[in-house]
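To keep things clear, I will list the structure first and then write my remarks on it.
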Amino acid sequence: MKIKNIVLIILVVVVAGTASAQKRLMAKTYDSGFPLAHDTYNAISAASDGKIYYVLSSQSIDTGGMMYAFNPRTGRTKLCGDLTEACGEKGSKAIVQGKSHVRFVEWRGKLYFATHVGYYSMVDGMEKMGIPPAGYKPYPGGHLLTYDLRTGHFENLAIAPHQEGILTMNMDTLRGLIYGITWPTGYVFRYDLATRQLQEVGAVSGEGENGMGAQFRTLCRAIAIDPADGSAYMTTSEGTILRCRPGQTTLEPIAENMKKDYFGLYDPSSPGHMGYNWRQIVWHSGDRSFYGVHGNSGYLFRFDPGAQRIDVLDRITSEPSRRSGMFDQFSYGYLGFILGPDHRTLYYLTGGPVYEHGKRVEGKDHTAMGEAKGLEDLHLVTYDIPTHVYKDHGAIYYKDGRRPLYVNSIAVGADGTVYTLARISENGKERTDLVSVKGPFVKGGAK
C-alpha cells in the first residue's frame, strides 16, 4: 500500500508538471492596415476613454510611423494620424519621424508622447543615426506631441536638442513637466508646459550610444518620477542612479545604485546589453515606491525614493527561464512591464526558452544591439504586490501555432485584457501589429 501511494504521488507530480509545462494562452491578432509596420517599443497605452492607443513604427526613409486607436467595445481600429505630418514635416524630404519609443501619458484630456527616428545606418553591427542619401535632408530631431482625445487634434510642442531622436520620456503631471532622453548621445531635457520652454540638462552617460569603443554607453529607457517632490530618476549602465530635481539643471547621483550581484557582471563600454540600467520602472502609490525590472537578469526590485533604497524581490522571468538559470534571448531584456488597472498587479511580458528534443535551443553568444539572439517563447507573468504572489500564466501563441516575436510593449484594458505589439506572419508577409490576450488576470492569478 505504501509503495502504491508513493507511485500515485509521483504520477500526480508528473502530470501536474506536464500540465504546467503545457499551459498556453491564445493571442488574437488585428490588422491595422499598415504593411510597413516594424518593431515598436513601448508606444501603447490604455486611455480613460476605454480605447487602446498605439504607434506602429517604420524603418522607411520617407514613410513615417502611424498612430492608431483600437476600440475594444466595437473591435474597430482607427488611424489617428501620421507622426511626420503631426510634426509639420510632411513632404520636407527630411528623414521622417519613423517611431515612437515612449508610453503615452494622459493629462487633462490629452495624450503626451514623443517621436523617434526609424531610419538607421549600421556601423560595426550597431544602429546609428541614418545618413541621408542624395536628395534627402538629415533627421530634424524628435518632437514632443499631444493628441486630444476628444477632437483628435495633434499639437506639436517642441523638438529635441541636437537633432536627435527622443528615446525615453515621462511626465510629471502634477507640475506640468516633461522629461526626456535623446538618442543616440543621451541628452537629458525638461519641457515646461506652463512656459513652453525646453531646457537641456546635460548628457546622462558620456557619449551614450553615439560613442565608440570605451566611450560607448547604453542609455536608460525609463525615467521614474516621484509625485511627492517631482524628482526624476534615471540610471546609467555603470549602475549610478541620477536625480534631476524640479528647478535644477543638473543630474546628481544618489547614494543607492543598481550595481547588484544578482543582476550579473557587465562591461559598461560593451554594446549588446543594458548593463546595470533598469529596463522598465513604474510608480506604485500604495507604498509610495517604484517597482522595476532589471532587463538582462529579469529581477524585480522595489526602489523607495524616500529611503533611497533598493530591495531585490524576486526573479520574475518565466518559469522555464527560472528553471534554466539562463538569461533570456532578448539582449536588452523586456519593456513590457506595467502596473495593472487594479493598482496592485504587475504585468510582465517576458521570454522563455524553447526546447527541441529535450535540449534548449541556444542563440548567438553576442550581439552589438538590442535584438533577440535566438528563438524564444513569450510568457505572461503577473506579480501581486501586497501578497508577493508570482504567477506564470503560460506561453502565448497565435491560433496557427506561431509565436509572437519582438514584444517590448504592454497595455492592460479595464477588463484585464492584455495588449501588445508583436510580429505577425500572414500570407507570406511579416508586419508588426496589435495583439491581445484575453483577461482578466487579478491578484497575481487568473480567474
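Between Tyr119 and Tyr139, the distance separating the two ring centers is not shorter than 6.0 angstrom. No close placement of the Tyr299 and His294 rings is indicated, their centers lying 6.0 Å or farther apart. Taking the six-membered ring for Trp and the full ring otherwise, Tyr406 and Phe330 have centroids separated by under 6.0 Å. With ring centers used as reference points, Phe303 lies under 6.0 Å from Tyr233.
Residues Tyr112 and Met171 approach most closely at CG-SD, 3.7 Å, considering heavy atoms. Here the closest heavy-atom approach between residue Gln329 and residue Tyr334 is recorded as N-OH, 3.8 Å. For Ala94 against Pro138, the heavy-atom pair with the smallest separation is CB-O, 3.7 Å. In this structure, His379 and Ser318 approach most closely via the heavy-atom pair CG-CB, 3.5 Å.
At distances below 3.5 Å, not a single donor-acceptor pair connects side-chain atoms of Ser409 with backbone N or O atoms of Ala43. Under a 3.5 Å cut-off, the side chain of Thr84 and the backbone N or O of Gln97 do form a donor-acceptor pair. In terms of modelled atom types and a separation under 3.5 Å, the side chain of Arg344 and the main chain of Gly286 share no donor-acceptor contact. Counting only distance, with no hydrogens or angles, the side chain of Trp278 and the backbone of Met258 share no donor-acceptor pair below 3.5 Å. Side chain of Lys438 to main chain of Lys28: no donor-acceptor pair is present (N/O by atom type, distance under 3.5 Å, no hydrogens or angles). One N or O on the side chain of Asn296 and one on the backbone of Ser331 form a donor-acceptor pair closer than 3.5 Å. Looking only at distances, a side-chain donor or acceptor of Thr40 sits under 3.5 Å from a matching main-chain atom of Val55. The backbone N or O of Val389 lies less than 3.5 Å from no partner atom in the side chain of Asp384, so there is not a single donor-acceptor pair. Asp400 places a side-chain N or O within 3.5 Å of a backbone atom of Arg402 that can act as its donor or acceptor partner. With hydrogens and angles disregarded, a donor-acceptor distance shorter than 3.5 Å links the side chain of Arg175 to the backbone of Pro227.
Salt bridge absent: Glu376 and Arg403 never bring a charged side-chain N and a carboxylate O closer than 4.0 Å.
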*Would you sort out whether Arg190 and Thr249 count as a side-chain contact (heavy atoms from CB on, under 4.5 Å), showing the intermediate values?*
CA-CA 9 Å; Arg190 177 171 52 215; Thr249 57; 4.2 Å; yes
*Verdict with supporting geometry, Thr235 and Asn277, side chain to side chain donor-acceptor pair (under 3.5 Å)*: CA-CA 5 Å; Thr235 55; Asn277 279 298; 2.7 Å; yes
*Just do the side chain to side chain donor-acceptor pair (under 3.5 Å) check on Ser45 and Glu106 with the steps written out, would you?*
CA-CA 9 Å; Ser45 295; Glu106 184 174 347; over 6 Å; no
*Go through Thr168 and Met234 one step at a time and tell me if the side-chain contact (heavy atoms from CB on, under 4.5 Å) criterion holds.*
CA-CA 10 Å; Thr168 311; Met234 58 207 77; over 6 Å; no
*Residue pair Thr417, Ile52: steps toward the side-chain contact (heavy atoms from CB on, under 4.5 Å) verdict*: CA-CA 11 Å; Thr417 299; Ile52 307 299; over 6 Å; no
*CA sep, side-chain torsions, deciding dist, call: Leu375, Leu405, side-chain contact (heavy atoms from CB on, under 4.5 Å)*: CA-CA 8 Å; Leu375 185 66; Leu405 301 176; 4.2 Å; yes
*After noting the C-alpha distance and the side-chain angles of Tyr54 and Ser32, does the key distance pass the side chain to side chain donor-acceptor pair (under 3.5 Å) rule?*
CA-CA 10 Å; Tyr54 59 98; Ser32 303; 2.6 Å; yes
_For Ser231 and Asp226: C-alpha separation, side-chain torsions, deciding distance, then whether side chain to side chain donor-acceptor pair (under 3.5 Å) applies._
CA-CA 5 Å; Ser231 292; Asp226 182 355; 5.8 Å; no
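Residues Asn257 and Glu238 bring no donor and acceptor atom of their side chains to less than 3.5 Å of each other. A donor-acceptor pair shorter than 3.5 Å can be found between the side chains of Thr185 and Glu164. No donor-acceptor contact under 3.5 angstrom links the side chains of Ser285 and His343, judged on distance only.
Environment of CZ in Arg309: sparse, with no more than 12 heavy atoms of neighbouring residues, nucleotides or ligands closer than 6.0 Å. Lys364 NZ: more than 12 foreign heavy atoms inside a 6.0 Å radius.
Proximity of Ser436 to Tyr30: side-chain heavy atoms (C-beta onward) are separated by under 4.5 Å at one or more points. Using a 4.5 Å cut-off on side-chain heavy atoms (C-beta onward), Pro320 and Asp392 make contact. Looking at Ile338 and Tyr347, their side chains come closer than 4.5 Å, going by heavy atoms from C-beta outward. In this structure, the side chains of Thr218 and Tyr332 come closer than 4.5 Å at one or more pairs of heavy atoms. The side-chain heavy atoms of Tyr397 and Asp377, taken from C-beta on, include a pair separated by under 4.5 Å. The shortest distance between side-chain heavy atoms of Leu434 and Ile44 falls below 4.5 Å. The shortest distance between side-chain heavy atoms of Met169 and Ile178 falls below 4.5 Å. Within the 4.5 Å cutoff, the side chain of Ser100 has no heavy atoms near those of the Thr115 side chain.
Between Tyr348 and Phe337, the ring planes are perpendicular. Angles over 60° get that label, and only those under 30° would be called parallel. Using cut-offs of 30° and 60° for the angle between ring planes, the His284 and Tyr291 rings count as perpendicular. In this structure, Trp183 and Tyr120 have perpendicular ring planes: the angle between them is above 60°, well past the 30° mark.
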Would you tabulate the side-chain donor-acceptor contacts of residues 149-161 under 3.5 Å, counting partners in other chains and residues two or more places apart, or write 'none'?
residue : atom : partner : partner atom : Å
Thr151  : OG1  : His153  : N            : 3.2
Glu155  : OE2  : Arg196  : NH1          : 2.8
Glu155  : OE2  : Arg196  : NH2          : 3.1
Asn156  : OD1  : His143  : ND1          : 2.9
Asn156  : ND2  : His143  : ND1          : 3.4

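Both tests hold for Arg322 against Tyr390: distance to the six-membered ring centre under 6.0 Å, angle to the ring axis within 45°.
Test Arg221, Lys128, Arg217 against Glu209 for salt bridge (Lys or Arg N to Asp or Glu O under 4.0 Å) and you get one pass: Arg221.
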